[in-house]
Protein chains: 2
Amino acid sequence: MKVEEILTAMSNKGLRITEQRKTLAKLFVEHSGYLAPKEVYEHMSKMYPGMSFDTVYRNLRVLHEMDIIEQFMFEEGVKFKLHCHAHDHHHHFICLECENTVPFEFCPMDYVKTVPDGFTPVKHKFDIYGYCDSCRH
Amino acid sequence: MKVEEILTAMSNKGLRITEQRKTLAKLFVEHSGYLAPKEVYEHMSKMYPGMSFDTVYRNLRVLHEMDIIEQFMFEEGVKFKLHCHAHDHHHHFICLECENTVPFEFCPMDYVKTVPDGFTPVKHKFDIYGYCDSCRH
DNA sequence: CTTTATGCAAAGGATTTGCAGATTA
DNA sequence: TAATCTGCAAATCCTTTGCATAAAG
């Protein structure tokens with residue numbers, strides 16, 4: 001996804017394109033891993049000295065509600081990344097060091113044969129954590 | 001795991017066995033699902049009117065550090081459940097309504113054939129969410 | 001010029017910490 | 001008795017909200 005597409009989508013919803021939102025969109029487009037609100041804030045306040053935390057939260061929520069970014073719960077708290085539109089259904093490799101993610105299409109649900117009596121599966125979570133090439137020691 | 005085992009383990013570590021800790025151990029042994037700190041607090045304060053939140057947090061941390069309970073991040077926040085010692089490696093069905101969990105032995109890692117170039121898998125997360133027999137509508 | 005976004009300050013919720021008194025071993 | 005635990009109060013941290021001003025369309 002490109003910065004332009006994100007801004008156009010926001011514009012079409014009647015939202016205003018501010019400098020902060022441009023910077024935020026650019027940040028997510030250029031960063032393939034997860035970002036915590038604090039990391040977003042730190043990045044943004046470099047270019048916007050008066051940047052406030054609530055603007056970060058507000059805009060993260062806007063992007064999340066528009067399905068432009070997705071939310072993920074880590075042990076350390078919430079993080080966000082650009083939503084994957086690439087494949088239909090997929091899962092992720094996530095680097096424990098740099099948190100960059102690589103999608104893959106294999107889905108374990110294709111191999112699950114039996115579920116407990118009377119249990120109705122609705123959704124599932126499958127992620128593989130490890131170290132990517134550059135972060136391996 | 002039985003209440004006695006938990007208390008003995010705590011005792012062996014030089015920790016004191018208080019009424020609150022007995023109640024907490026019993027709660028987790030008798031509840032097969034996840035519990036949020038607030039739920040723990042509510043349960044405990046029924047028997048201990050003066051119960052305080054910090055005691056709940058302190059003891060949850062103690063049990064977690066001793067690997068007696070495990071921590072899991074839900075969208076709504078942290079929750080805890082008794083650590084599964086039953087099988088070696090396993091995953092869970094988790095009911096979205098009552099949050100009770102059922103372990104199963106199938107592991108998707110047995111079926112994952114290729115990982116991205118240079119990626120070293122370390123751990124993984126796989127859970128199936130849905131509705132159990134009694135919570136299905 | 002009308003509407004929406006921002007920054008500020010303040011509020012809210014969850015979790016942690018310091019301390020004196022209560023409780024365990 | 002000596003140690004740890006508890007409840008209280010206060011402190012933090014993270015996130016949200018209300019409001020006046022600034023910026024976008």
Side-chain angles (χ1 to χ4, degrees), chain A residues 3-4 6-27 34-66 68-80, chain B residues 3-4 6-27 34-66 68-80:
Chain A
V3 176
E4 275 313 312
I6 297 175
L7 299 180
T8 305
M10 297 182 88
S11 208
N12 291 343
K13 286 203 63 167
L15 299 170
R16 308 252 154 113
I17 307 308
T18 64
E19 287 304 310
Q20 288 91 327
R21 283 176 175 170
K22 279 186 202 164
T23 308
L24 185 60
K26 194 156 171 286
L27 173 60
Y34 282 93
L35 289 165
K38 196 192 290 188
E39 295 172 300
V40 173
Y41 171 75
E42 275 156 13
H43 175 91
M44 306 264 297
S45 44
K46 275 181 201 154
M47 8 202 81
Y48 291 89
M51 192 69 202
S52 70
F53 241 113
D54 27 80
T55 300
V56 170
Y57 279 111
R58 269 188 290 241
N59 285 323
L60 285 175
R61 189 177 342 171
V62 167
L63 290 181
H64 184 228
E65 282 170 356
M66 291 180 68
I68 289 169
I69 59 177
E70 57 187 61
Q71 216 185 54
F72 198 95
M73 278 291 181
F74 285 85
E75 295 283 307
E76 324 87 66
V78 236
K79 301 204 175 178
F80 299 84
Chain B
V3 175
E4 275 313 314
I6 297 174
L7 299 180
T8 305
M10 296 181 88
S11 207
N12 290 343
K13 285 203 66 168
L15 299 171
R16 308 255 153 112
I17 307 307
T18 64
E19 288 303 312
Q20 288 91 328
R21 282 175 177 173
K22 279 185 202 166
T23 307
L24 185 62
K26 194 155 172 286
L27 173 60
Y34 283 93
L35 289 165
K38 196 192 289 186
E39 295 172 300
V40 173
Y41 171 75
E42 275 155 13
H43 174 90
M44 305 264 297
S45 43
K46 275 180 202 155
M47 10 200 82
Y48 291 89
M51 192 69 203
S52 71
F53 241 113
D54 27 80
T55 300
V56 170
Y57 278 112
R58 270 188 288 240
N59 285 325
L60 285 175
R61 187 173 347 167
V62 167
L63 290 182
H64 183 227
E65 281 171 356
M66 290 179 69
I68 290 171
I69 59 177
E70 57 188 60
Q71 214 185 56
F72 198 94
M73 276 291 182
F74 286 83
E75 295 281 308
E76 324 88 66
V78 234
K79 301 202 174 179
F80 298 85

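Residue numbering restarts at 1 for every chain, and letters A, B, ... go by the order of the sequence lines.
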Could you tell me the separation between the [atom1] atom of [X] and the [atom2] atom of [N], rounded to a whole number of Å?
X	N	atom1	atom2	answer
B:Arg61	D:dC5	CZ	C1'	14 Å
A:Gln20	C:dT4	CD	P	18 Å
B:Phe53	C:dT17	CZ	P	17 Å
A:Leu63	C:dA5	CG	C1'	14 Å
B:Met51	D:dC8	CE	P	11 Å
A:Arg21	C:dG7	CZ	P	11 Å
B:Lys22	C:dT23	NZ	P	14 Å
A:Asn59	C:dT4	CG	P	15 Å

- Do B:Asp54 and D:dA9 share a donor-acceptor pair, side chain to base, under 3.5 Å?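 Answer yes: a donor N or O sits under 3.5 Å from an acceptor.
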When you compare the side chain of [Y] with that of [X], does any pair of heavy atoms fall below 4.5 Å?
X	Y	answer
B:Asn59	B:Thr55	yes
B:Leu63	B:Ile6	yes
B:Lys22	B:Leu7	yes
B:His43	B:Glu39	no

- Message: Which is more 5' along DNA chain C, the nucleotide nearest B:Lys38 or the one nearest A:Gly14? Just name the residue.
- Response: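 First, find each residue's nearest nucleotide; the 5'-ward one identifies A:Gly14.
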- Side-chain N,O (A:Ser52) to OP1/OP2 (C:dT6) below 4.0 Å: no
- Donor-acceptor under 3.5 Å (B:Arg21 side chain, B:Arg16 main chain): yes
- Message: For B:Glu19, is there any backbone N or O sitting under 3.5 Å from a side-chain donor or acceptor partner on B:Thr23?
- Response: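 Looks like yes, one N/O pair under 3.5 Å.
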- Query: Would you call the rings of A:Tyr34 and A:Phe74 parallel, tilted or perpendicular, where under 30° means parallel and over 60° means perpendicular?
  - Reply: perpendicular
Just the table, please: protein N/O against nucleotides 23-25 of chain D N/O, every pair under 3.5 Å.
residue : atom : partner : partner atom : Å
D:dA24  : N3   : A:Arg16 : NH1          : 2.8
D:dG25  : OP1  : A:Ile17 : N            : 3.1

